[in-house]
Amino acid sequence: MSELLTIGLTEVEWSALAVSLKVSLLCAFLSLPFAVLAGWLLARKEFRGKAVVEAFLHVPMVMPPVTTGYLLLLMFGTNGLLGSWLETLGIRIAFSFDAAVLASIIVSFPLAVRAVKQAVEMVDKRLEDAAEILGASRWRIFFAVTVPLAFPGILSGFLLSFTRSLGEFGATITFAGNIFGETRTIPLALFSAMQTPGKESEAFRLMLLSIVISFIAMLASELVNRRYKKELY
Amino acid sequence: MSELLTIGLTEVEWSALAVSLKVSLLCAFLSLPFAVLAGWLLARKEFRGKAVVEAFLHVPMVMPPVTTGYLLLLMFGTNGLLGSWLETLGIRIAFSFDAAVLASIIVSFPLAVRAVKQAVEMVDKRLEDAAEILGASRWRIFFAVTVPLAFPGILSGFLLSFTRSLGEFGATITFAGNIFGETRTIPLALFSAMQTPGKESEAFRLMLLSIVISFIAMLASELVNRRYKKELY
Amino acid sequence: MSAPVYIDIRSQRGNFQLAVKTFIPDGIVGIFGPSGSGKSSLLKIMAGIEHPDNGQIIVRGREFYNRSCKIKVPARKRKMGLVFQEGRLFPHMSIRKNLLFGFEDGAAIGLNEVIDLLEIRHLLNKKPHQCSGGEQQRVAIGRMLLSSPEVLMLDEPFSSLDQRLRRSIIPYLIKIHQKYHMPIWVVSHDICDLLMLTNQLMIMNNGQVVGNGSYHELLFDSLATSVLQQEDEINAVRLPIYHIEQVNGMKAYHYQKQTSSNYLLLDVDQELEIGDQLIVSISPRNISLSLHQVDDISTRNQLAGEITSIKERGKKVFCQVDIGFSVLVEITRSACDKMGLKEGMNIYCLFKSSSVKILSVGK
Amino acid sequence: MSAPVYIDIRSQRGNFQLAVKTFIPDGIVGIFGPSGSGKSSLLKIMAGIEHPDNGQIIVRGREFYNRSCKIKVPARKRKMGLVFQEGRLFPHMSIRKNLLFGFEDGAAIGLNEVIDLLEIRHLLNKKPHQCSGGEQQRVAIGRMLLSSPEVLMLDEPFSSLDQRLRRSIIPYLIKIHQKYHMPIWVVSHDICDLLMLTNQLMIMNNGQVVGNGSYHELLFDSLATSVLQQEDEINAVRLPIYHIEQVNGMKAYHYQKQTSSNYLLLDVDQELEIGDQLIVSISPRNISLSLHQVDDISTRNQLAGEITSIKERGKKVFCQVDIGFSVLVEITRSACDKMGLKEGMNIYCLFKSSSVKILSVGK
Amino acid sequence: GDSPKKGANEITVFAAASFTDVITEIAQRFEQEQKVKVRLNLAASGTLARQIESGAQADVYISANKSWMDYLEEKNYSKESGVLARNELVLIIPKSEVQEDLKPEVLLMYPKNRIAIGDPGYVPAGKYAMQVLKAFDVESEEHLLLCRDVRSALMMVELGEVDCGIVYKTDALQSTKVDIIYTFPEEMHDPVAYYQVLVSSGALAKEFYDYLYSSESKQVLTNYSFKTD
Ligand SMILES: Nc1ncnc2c1ncn2[C@@H]1O[C@H](COP(=O)(O)OP(=O)(O)OP(=O)(O)O)[C@@H](O)[C@H]1O
Ligand SMILES: Nc1ncnc2c1ncn2[C@@H]1O[C@H](COP(=O)(O)OP(=O)(O)OP(=O)(O)O)[C@@H](O)[C@H]1O
Ligand SMILES: [Mg+2]
Ligand SMILES: [Mg+2]
């Protein structure tokens with residue numbers, strides 16, 4: 001148990017931490033604009049087949065991540081539909097850092113969209129009307145009225161993206177592989193450690209690590225949220 | 001591929017479907033009151049260490065589900081802290097249907113809480129004040145004002161609980177095992193199929209099954225949500 | 001109890017300080033003051049949904065707030081019924097449900113009574129967002145009336161209501177007050193509405209109470225003046241009717257027990273009976289003074305009285321004349337000089353019957 | 001263009017039908033009607049944030065809505081500046097940002113001008129929820145003024161403002177109108193405020209326009225009457241000042257080019273110059289008619305005129321008297337009979353200087 | 001993104017997760033010797049096979065499961081293949097102070113609690129365990145706890161969730177929380193082995209493939225108690 005208390009991180013842990021943070025942050029930041037857009041569309045616009053689109057968006061949520069990863073593989077693999085096309089452009093996604101990010105994005109996207117949608121739905125439409133009467137363009141209304149008022153939801157969506165991605169395992173290992181320094185995030189390193197008898201303490205340390213990160217993320221988001229609320233009320 | 005198109009479900013599929021639905025529905029319904037309560041507390045009450053409580057609630061979100069399952073096992077297993085105590089009462093949770101439900105609840109709880117919290121935060125406090133002035137008790141304010149106004153978030157929390165639980169794999173297989181007819185949910189059956197060469201079509205059918213269920217769930221929730229909005233606006 | 005409400009509070013909100021130390025008398029009290037003077041803030045603190053930084057609040061013998069004793073009675077236990085300036089109807093409930101939210105069986109005021117008074121029967125199944133501004137305001141008033149508060153606080157209750165509605169709600173409030181002895185505090189920018197409700201005013205300015213008392217006193221109170229002189233002055237009195245007769249094709253209402261030649265010639269829409277009460281209001285600006293009765297003039301009311309005081313406020317001269325009740329008459333300095341008016345002089349007050357605003361309260 | 005706004009719409013909302021077919025003249029138009037008559041609904045449709053079921057809307061030559069041609073100009077392109085009854089300030093922006101939301105550099109109306117007029121400088125860094133009801137209302141007006149609308153629509157803009165503020169905002173609106181020729185439509189329950197702004201009224205009742213024209217016409221219009229007779233009548237005129245002199249220690253304002261003995265003896269707070277405009281309003285109830293001048297009376301204004309018409313409405317008798325401008329005088333039937341009033345008769349209009357409400361508009 | 005640009009000095013090895021420690025050590029030695037880089041991708045054998053099938057650029061694949069090797073061979077992904085190391089199947093119980101003499105027959109035929117084995121559906125160790133159980137005439141599946149992988153089966157025994165478990169000897173030896181009470185004779189089950197498959201035709205890949213058979217590799221394997229022959 002003494003290893004448990006070693007303060008410094010081992011090389012393996014550093015690497016996993018770095019990969020995890022990079023993947024999660026990229027995932028959260030890259031998803032954000034799309035999640036905001038999709039959430040807004042679902043909340044404010046009526047179009048044919050909207051319910052189907054929405055249901056479809058939520059598929060990654062209901063499928064075991066391993067399956068999601070497998071489907072991604074089928075699509076983006078060298079022999080896959082998109083993958084073979086991308087190959088001709090010299091782009092290869094599967095089994096790379098990019099794949100880890102993509103897997104995280106796909107898996108966490110429904111959560112982010114849902115948070116944004118829910119928040120936008122609760123934004124008072126009458127304020128958007130008021131902005132329109134003042135001559136604001138759609139974009140201006142969106143960015144100056146809707147987005148700031150839905151901010152708690154957007155923040156929540158961002159955070160969900162980030163944390164879900166921090167914990168993402170199944171899709172990543174299937175689609176991006178478990179490659180040290182490249183796609184071996186904390187959960188994957190944790191898996192590897194758990195696969196090896198006698199590495200319990202390493203596993204525990206990795207677990208604690210991910211908990212610590214999530215704590216920091218939660219506290220930071222809570223702080224931002226509080227500041228926002230203070231601003232508003 | 002002809003098996004793919006067989007309309008009737010095989011016994012294995014029926015069983016997985018039944019278990020999955022039972023687990024997910026139980027999970028969603030059992031989580032609901034707690035999620036509503038927790039979401040409300042986090043949104044409306046100030047107490048010491050609130051941020052820590054909140055961060056703690058989100059731990060299952062950030063940890064790979066297998067790890068969550070492992071921790072559950074450590075706690076509720078025969079030698080676990082709670083498990084050994086429950087054992088003396090003749091209750092054994094691990095590797096049972098109940099364990100599958102518990103695992104799902106733990107894993108999906110942060111999502112449900114977050115959805116509720118976000119919705120309650122956006123409920124106009126001034127309406128609660130108005131209700132209080134009209135002499136309403138705390139309970140009445142909560143049930144007659146806060147809950148109905150936060151309804152979309154509560155519905156969303158319920159749906160997230162349900163869908164997350166439908167897709168839950170790691171924690172379930174670790175904590176509840178993979179017992180046919182008892183804990184073998186669709187994701188577990190799907191995993192088995194995927195890990196066996198030549199069972200691709202079985203895997204695909206199971207995948208479609210889970211997608212179909214999530215579609216139905218999404219559409220149903222969308223319907224309820226629309227009806228609610230129509231009521232309100 | 002002679003002073004049932006004692007307030008001594010301080011509350012800092014940004015750069016605005018509310019510092020109120022006052023007694024509020026029983027009865028109907030009008031709260032008047034310019035925009036941003038702290039009226040709504042005070043009412044919210046009284047209702048218990050906001051709290052001061054410091055001080056003490058005692059209402060009808062119950063201590064609601066006391067910083068030093070750490071007393072803070074929650075809003076739901078105060079029964080201080082505040083109708084908000086912005087309505088605050090529950091958007092997810094029908095108007096009926098909104099109205100019944102605070103209603104308990106056996107409450108003194110009945111649902112149908114309120115619905116008819118406020119003319120909101122056609123709205124019962126609507127949602128608040130389907131109602132117009134004035135309709136929402138009426139529902140908010142109704143909801144509060146039905147919740148049987150012990151003190152009724154109305155924050156600009158008439159701001160989006162037309163004259164006709166005001167004229168039916170004001171007497172109703174007075175009746176409720178008379179029947180249940182419920183203190184009513186009304187914030188309004190319309191001093192005319194306020195004076196029809198009551199003679200007791202509390203004047204606020206800049207977060208402070210600058211005047212508290214009857215309108216006539218306040219008119220000449222140096223502190224309150226700064227607020228009140230922005231407004232048109234009003235005479236409003238409640239008169240019992242002792243006798244009604246026909247004079248020159250008009251009804252003459254005697255408001256004094258002893259028959260005298262001082263009566264009001266008025267056109268009242270309602271059929272009044274002896275014993276009914278009339279609220280009449282007339283602006284001091286619309287009363288002329290004359291040394292003798294005037295013929296060949298359309299002015300029908302020419303009531304004899306005695307000047308009890310002559311006061312100046314700014315460039316204006318106010319004569320208080322006793323014509324069975326006390327009225328204020330505004331005249332110009334030049335008229336005063338020219339006519340040689342003095343305290344104690346006998347004089348005639350001339351005013352047109354149509355320049356008198358009339359509300360009837362019934363018995 | 002003689003009729004710059006043409007509206008012909010139908011809109012069913014639950015059991016309420018709005019069916020408006022009318023022209024709205026250029027200039028300032030007051031929209032008046034009981035609560036729930038469809039005023040706000042109409043303005044929202046004009047602004048383009050709600051749409052009728054059917055019909056056509058043309059404003060200043062631009063077709064905003066036409067069901068049959070499927071034209072539906074979006075609100076942001078209409079430049080119909082609607083100030084909502086409920087304010088609708090952006091809660092997440094400071095007052096300054098709210099004010100500047102629709103502001104573009106080079107706009108005709110400047111920020112400081114609006115801030116000073118509305119007395120909201122001390123609020124600039126506050127958030128809307130930190131402002132009082134009346135403060136929010138002022139900010140909403142300011143925000144709209146700064147967004148350079150082509151038509152200004154105000155829905156109950158004065159409902160929570162005190163007299164002093166109203167008296168400063170109303171002349172400002174008139175000035176803006178004169179300067180930029182911007183049509184202004186104002187919904188208000190206070191007919192007195194409306195008439196100070198304009199003589200052009202549109203009367204709504206039950207979702208329909210029941211009258212459209214000048215106040216004097218509408219007063220005797222059978223359809224509009226049902227709405228207007230609930231209200232106190234008002235004479236409001238805008239007069240140019242041709243000459244000012246001192247009479248008996250008071251200022252006499254001549255409003256006719258030719259010097260005559262008809263002038264107004266008034267107490268105006270402001271220092272006026274020749275060429276300024278005065279808005280004076282006086283209730284028909286506060287004017288007395290006399291066959292000859294009366295001495296020994298505090299009534300200072302005794303203007304000679306001629307009865308141009310005598311009309312009856314209900315029990316009331318209205319004489320229209322030309323004293324250089326046309327005033328309505330309400331008298332009782334008995335007075336009319338007793339004095340033997342007839343059309344064409346020469347008569348004196350008596351009213352106290354203090355019963356005249358005065359606004360000055362400047363040049 | 002530092003997407004993998006496959007240089008001449010780099011190979012990618014897909015290895016079953018249970019082989020993590022061994023393969024890491026072997027790869028490190030190879031790296032030092034050849035001054036090249038070995039990228040390891042460690043996951044379940046099935047997952048790895050599916051990845052290769054869908055076009056993953058693996059050079060060498062090490063499977064714990066013969067059927068996945070066969071699967072790849074069938075699909076023509078295999079240039080060459082063979083047995084890398086052998087393992088044994090053992091019966092384990094949670095470590096206890098009291099060392100009573102437990103008979104495997106008793107434990108397996110009359111279990112008080114469950115027996116942890118890998119899921120015979122897809123975990124090879126589970127398949128072997130079923131063969132062993134059959135040999136002991138245990139037919140009922142009622143008392144079996146089917147685990148996601150053989151490592152989970154070991155974990156269940158470590159945690160004391162079950163009376164006993166059937167796992168690989170190498171794993172059992174590494175754990176300090178279990179006791180091996182019986183090693184099943186090889187006749188009772190199919191051969192327990194790790195298999196290596198040469199997937200790509202690169203020269204370096206072939207070199208690594210051969211290196212796995214070298215004496216250095218064998219030394220490492222023996223250190224981890226694998227049998228090489
Ligand atoms: N939370 C706050 N922070 C800062 N200032 C505040 C806050 N709440 C109110 N104020 C200020 O307090 C003053 C009084 O507000 P209040 O609402 O009591 O005014 P009021 O008398 O009701 O005015 P009105 O007649 O316009 O409704 C205002 O100037 C307002 O800006
Ligand atoms: N969405 C709706 N559904 C049903 N009825 C509606 C809806 N919106 C408005 N109404 C009804 O239309 C009528 C007119 O409303 P509107 O807001 O135009 O009245 P208003 O003239 O502005 O009244 P106020 O002076 O009280 O503000 C009201 O009786 C209202 O109940
Ligand atoms: Mg207020
Ligand atoms: Mg309205």
Side-chain angles (χ1 to χ4, degrees), chain A residues 50-52 54-68 70-71 110-111 114-115 117-119 121-123 125 149-150 152-153 156 159-160 162-164 166-170 174 186-188 190-191 194 203 206-207 210-211 213-219 222-223 225 229 233, chain B residues 50-52 54-68 70-71 110-111 114-115 117-119 121-123 125 149-150 152-153 156 159-160 162-170 186-188 190-191 194 203 206-207 210-211 213-219 222-223 225 229 233:
Chain A
K50 177 173 150 182
V52 176
E54 182 156 18
F56 194 76
L57 268 177
H58 281 74
V59 164
M61 166 114 228
V62 79
M63 273 200 307
V66 174
T67 317
T68 309
Y70 183 54
L71 288 179
L111 294 176
R114 197 145 249 280
K117 180 193 166 206
Q118 192 188 318
E121 265 173 355
M122 288 185 95
V123 169
K125 253 196 196 131
L149 288 174
S156 181
L159 192 78
L160 283 170
F162 180 78
T163 50
R164 176 70 186 80
L166 263 187
E168 164 49 32
F169 167 73
T174 310
I186 297 177
L188 268 60
L190 186 49
F191 166 76
M194 281 176 73
L206 284 163
M207 221 159 74
S210 65
I211 294 181
I213 303 176
S214 81
F215 258 66
I216 295 174
M218 291 297 311
L219 293 182
E222 205 41 36
L223 247 153
N225 203 14
K229 273 204 258 173
Y233 300 109
Chain B
K50 177 174 151 183
V52 176
E54 183 157 18
F56 194 76
L57 268 178
H58 282 74
V59 164
M61 164 117 231
V62 80
M63 273 202 305
V66 172
T67 318
T68 309
Y70 183 62
L71 289 180
L111 294 176
R114 197 144 250 278
K117 179 193 166 206
Q118 192 188 317
E121 265 173 355
M122 289 184 92
V123 169
K125 250 192 196 138
L149 288 174
S156 180
L159 192 78
L160 283 171
F162 180 77
T163 50
R164 176 71 188 81
S165 157
L166 264 186
E168 163 49 32
F169 166 73
I186 296 177
L188 267 59
L190 183 49
F191 183 75
M194 277 178 61
L206 284 163
M207 222 160 73
S210 65
I211 294 181
I213 303 175
S214 81
F215 257 66
I216 295 175
M218 289 299 311
L219 293 181
E222 206 42 35
L223 247 153
N225 203 14
K229 274 204 258 173
Y233 298 111

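Sequence lines set the chain letters: A, B, ... in the order given, protein chains first and strands last, and positions in each chain run from 1.
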Quiz prompt | chain A interface, residue from B:Ala217, B:Ala115, B:Ser156 that has the most non-hydrogen pairs under 4.5 Å | solution = B:Ser156
Exercise. Would you mind checking which part of B:Leu223 comes under 4.5 Å of any heavy atom in chain A, side chain (CB onward), backbone (N, CA, C, O), both or neither?
Key: neither
Quiz item: Side chain, backbone, both or neither: which part of B:Lys50 has a heavy atom under 4.5 Å from chain A?
Solution: side chain
Self-check item: Residue B:Met63 versus chain A: region with a heavy atom under 4.5 Å
Solution: both
Practice problem: Would you mind reporting whether B:Val62 and A:Ile213 have side-chain heavy atoms less than 4.5 Å apart? | Solution: no
Practice problem: Pick whichever of B:Phe56, B:Phe191, B:Phe169 has the most heavy-atom pairs under 4.5 Å with chain A. | Solution: B:Phe56
Quiz item: Where does A:Phe162 contact chain B at under 4.5 Å (heavy atoms): side chain, backbone, both or neither?
Solution: neither
Quiz prompt | Taking every non-hydrogen atom, the tightest pair across A:Pro152 and B:Glu121 | solution = CB-OE1, 4.5 Å
Quiz item: In terms of heavy-atom pairs under 4.5 Å with chain A, which of B:Ile186, B:Val59, B:Thr68, B:Val123 leads?
Solution: B:Val59
Quiz item: About how many Å separate CG of A:Asn225 and NZ of B:Lys117, when rounded to the nearest 0.5 Å?
Solution: 5.5 Å
Practice problem: Would you check if the side chain of A:Gln118 reaches a backbone N or O of B:Gln118 as a donor-acceptor pair within less than 3.5 Å? | Solution: no
Quiz item: What residue, out of B:Ala203, B:Pro187, B:Ala55, has the most heavy-atom pairs lying under 4.5 Å from chain A?
Solution: B:Ala55
Self-check item: Nearest-0.5 Å distance that lies between atom CE in A:Met61 and atom OG1 in B:Thr163
Solution: 4.0 Å
Self-check item: Contact origin within B:Leu159 toward chain A - heavy atom pairs under 4.5 Å
Solution: side chain
Exercise. Measure the OG1-CE distance between B:Thr67 and A:Met194 for me, rounded to the nearest 0.5 Å.
Key: 5.5 Å
Quiz prompt | Contacting moiety of B:Leu160, where chain A heavy atoms sit under 4.5 Å | solution = both
Practice problem: Name the region of B:Glu222, side chain, backbone, both or neither, that has any atom closer than 4.5 Å to a heavy atom of chain A. | Solution: side chain
Exercise. Look at A:Ser210, A:Ala119, A:Ala51 and state which one has the largest set of heavy-atom pairs under 4.5 Å with chain B.
Key: A:Ala119
Quiz item: Heavy-atom distance under 4.5 Å between the side chains of B:Leu111 and A:Arg114, does that happen here?
Solution: no
Exercise. Heavy-atom pairs under 4.5 Å with chain A are the metric here; pick the option from B:Leu71, B:Val66, B:Leu149 that has the most.
Key: B:Leu71
